[in-house]
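Below is one structure, written out as structure tokens, with a few remarks after it.
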Number of protein chains: 2
Amino acid sequence: MPVAAQHHDISPAIPVSMRHHLRVVGSGIAAENTCERCALNAICVPEGLADSERQEFTSLIFQHKRLRAGETLFHAGEPFTHLYFVKTGSFKTVVLLDDGREQVTGFHFAGDALGIDAISSPSHPSEAVALADAHVCAIPFASLTRLSRRVEHLQSYVQRLLAREVVRDQGLMLLLGRMHAEERVAAFLMNLSSRFRARGYSAHEFTLSMAREDIGNYLGLTLETVSRCFSRLKNTGVLDVDNRRIRILNIETLQTAVGGMERATGRKTRTVGR
Amino acid sequence: MPVAAQHHDISPAIPVSMRHHLRVVGSGIAAENTCERCALNAICVPEGLADSERQEFTSLIFQHKRLRAGETLFHAGEPFTHLYFVKTGSFKTVVLLDDGREQVTGFHFAGDALGIDAISSPSHPSEAVALADAHVCAIPFASLTRLSRRVEHLQSYVQRLLAREVVRDQGLMLLLGRMHAEERVAAFLMNLSSRFRARGYSAHEFTLSMAREDIGNYLGLTLETVSRCFSRLKNTGVLDVDNRRIRILNIETLQTAVGGMERATGRKTRTVGR
DNA sequence: CGAAAACTTGATGGGGCTCAATGCTTGTGG
DNA sequence: CCACAAGCATTGAGCCCCATCAAGTTTTCG
């Protein structure tokens, strides 16, 4: 099975121009270290390392793991051993409540780290599920910690991963606490758009790798509400939505839809912000 | 002005038996280091340090700052220089949206750290406001980083602070995304209860230091809804609420009110979780 | 192809927001 | 010390956004 996107691989694959860098020897686990030639090098591998240190870092990655769509990379409560980096495909992370309720806390694409929230815990507080066939690198966290005692940059690297996660979570809290349904959906799309652009994909046209239900759960809405918001944005000419294919036709309007302007319909302006 | 609680200091003060440890010389900024005799020593100061290292850590605290109720410790966007620990009083932390909307992301009491979310950022992403007259210790973060290069335990200490914050945020996301109003209020009270117990105060009886509006903002509700939930819990005999004075009469019922059981009233059971 | 999953769209109702009035608490100045 | 103001909290009435329920349609995949 080739690594390149299949017809049902709806995740944002690495751009064609870069794909040859990602070839993995054999199937399943690849022993060969390919970081230096990996397209994601600049994203995963910390900056400011000396060549020897950089080599030490990349040599920590001794597992390349494959997952099929729907498979779980780690479950909540499982012992925390590795930090992961998404190479291809995409993931959702989910936290669970005792009574079975779930909250999707994030979507993760090529270059994103997985398992950050387990740092300093014995076990994973959340679980990570592949949304499409995926491929990850695994770094044993104990080794990373050991190495970071000698290599100064690595210390702040882990710190930066954690801090970025805190700020990201705060943004989601703002969304969940203070935004209306349509604002949440607009914010979600803008977020995807800028992340895809940062990875060298189109910011205006992309394919969602997650179901409406996952989006709804992430945004604190139902799948029906998400679907209706998509339709409304489509009818107002902001988006073109065809199943999971998204084309942003008017990114300025979408951006203003995030902020608190009065709604497009001439309804009474709410004092916005519950 | 004495450090001990005043009649309008409605924050959970350090228990009377411990107060003499907290006396600060003069007013304003105290130069003298008092960590060794501070009641919060076990909470703020990292464990597992050698005596000399512990002394180095506490010697970093060269500022003790006082704030009156309503004053801001740091604003969003301000350069990040210090990590703070609450000695007395209480704080709320708030993140801001461009259009003026705010989200309260947490309440912080004696022993809690402030400014964690600014680590690895040039500036504070959130702001911290004193809810009552307060007193904090300030640690210059650059010095802490420098020291943590030599002292191994300090490295994981900062990491643990950050990681704890991530997990805390995930809990709030679950609350904001998946819980009903009354569940949110119950969860909020249970959270306060256990934090007060951990600090040696009563878990059943305490005084809120924040307004209904702050609680509502924190929980993604309006102040009216919070007030109504309080009243309902009072009428069902779970709580005794008198303004900001809270007495938990039936902590088991309050706990079950957090999880997803059907509502107390005989209403139709919802499939819970939007 | 056929079944299951995913998505869309409509109808309906309720939880919580909005608006509004009132009571209570705290702080201030005469 | 009391009156007054300002802020905070409670309570009620009305209504809207979005969850729920229910088809019907499209897509996916064995």
Side-chain angles (χ1 to χ4, degrees), chain A residues 6-10 68-70 101 131-133 176-185 207-217 219-235 239 241-246 262-274, chain B residues 6-10 68-70 101 131-133 176-185 207-217 219-235 239 241-246 262-274:
Chain A
Q6 299 168 286
H7 77 285
H8 65 279
D9 180 356
I10 34 68
R68 320 232 36 180
R101 276 181 284 186
L131 295 168
D133 291 2
L176 289 171
R178 307 250 75 78
M179 285 190 184
H180 296 292
E182 203 164 315
E183 295 175 321
R184 297 184 194 194
V185 172
T207 302
L208 302 174
S209 52
M210 68 294 284
R212 297 286 187 273
E213 183 164 9
D214 290 327
I215 300 173
N217 187 305
L219 299 176
L221 304 168
T222 58
L223 60 133
E224 292 97 329
T225 300
V226 173
S227 181
R228 271 186 259 268
C229 284
F230 277 162
S231 298
R232 209 173 310 144
L233 290 169
K234 184 176 180 177
N235 291 335
L239 285 185
V241 184
D242 178 28
N243 203 3
R244 297 195 178 179
R245 191 83 206 150
I246 303 283
E262 56 267 67
R263 325 300 281 283
T265 69
R267 220 180 305 108
K268 178 175 56 176
T269 313
R270 279 176 58 181
T271 327
V272 140
R274 314 199 181 195
Chain B
Q6 298 168 285
H7 77 285
H8 65 281
D9 181 356
I10 34 69
R68 319 230 39 177
R101 276 180 285 188
L131 294 168
D133 292 0
L176 289 171
R178 306 251 76 76
M179 286 189 183
H180 294 292
E182 202 164 314
E183 294 175 322
R184 296 184 195 194
V185 172
T207 302
L208 301 174
S209 51
M210 67 295 284
R212 296 287 187 273
E213 183 165 9
D214 290 328
I215 300 173
N217 187 306
L219 299 176
L221 304 168
T222 58
L223 61 131
E224 293 96 330
T225 301
V226 173
S227 180
R228 272 186 259 268
C229 284
F230 277 163
S231 299
R232 209 173 311 144
L233 290 169
K234 184 177 180 176
N235 291 335
L239 285 185
V241 184
D242 177 28
N243 203 3
R244 296 195 179 180
R245 191 86 207 147
I246 302 283
E262 55 268 63
R263 323 302 280 283
T265 70
R267 220 181 303 111
K268 178 176 59 176
T269 312
R270 281 176 56 181
T271 328
V272 142
R274 312 200 182 194

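Here the structure is a predicted model, which is why all the values come from computation and not from measurement. Here is how names work: the chains are called A, B, and so on, in the same order as the sequence lines, proteins then strands, and each is numbered from 1.
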Among dT20(D), dT8(C), dC18(D), which nucleotide sits nearest the side chain of S227(A)?
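The listed nucleotide nearest to S227(A)'s side chain is dT8(C).
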Options dA9(D), dA19(D), dT9(C), nucleotide nearest the side-chain atoms of L221(A):
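Nearest to the side chain of L221(A) among the choices is dA19(D).
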State, yes or no, whether a side-chain contact exists between [X] and [Y] at a heavy-atom distance under 4.5 Å.
X: V241(B); Y: L233(B); result: no
X: T225(A); Y: F230(A); result: no
X: V185(A); Y: L221(A); result: yes

Is there a side-chain polar atom (N or O) of [X] under 4.0 Å from OP1 or OP2 of [N]?
X: S231(B); N: dT11(D); value: yes
X: H180(B); N: dG16(C); value: yes
X: T225(A); N: dA19(D); value: yes
X: R244(B); N: dA9(D); value: yes

Return the value, rounded to whole Å, for the distance between atom [atom1] of [X] and atom [atom2] of [N].
X: R228(B); N: dA13(D); atom1: CZ; atom2: P; result: 11 Å
X: L223(B); N: dT11(D); atom1: CG; atom2: C1'; result: 12 Å
X: N243(B); N: dT10(D); atom1: CG; atom2: C1'; result: 10 Å

Check whether any side-chain N or O of R184(A) sits under 3.5 Å from a backbone N or O of M179(A) as a donor-acceptor pair, and report yes or no.
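Checking the backbone N and O of M179(A) against the side chain of R184(A), a donor-acceptor pair under 3.5 Å is found.
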Along DNA chain D (nearest heavy atom to each residue), the more 5'-positioned of D242(A) and E224(A):
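Between the two, 5'-proximity favours E224(A).
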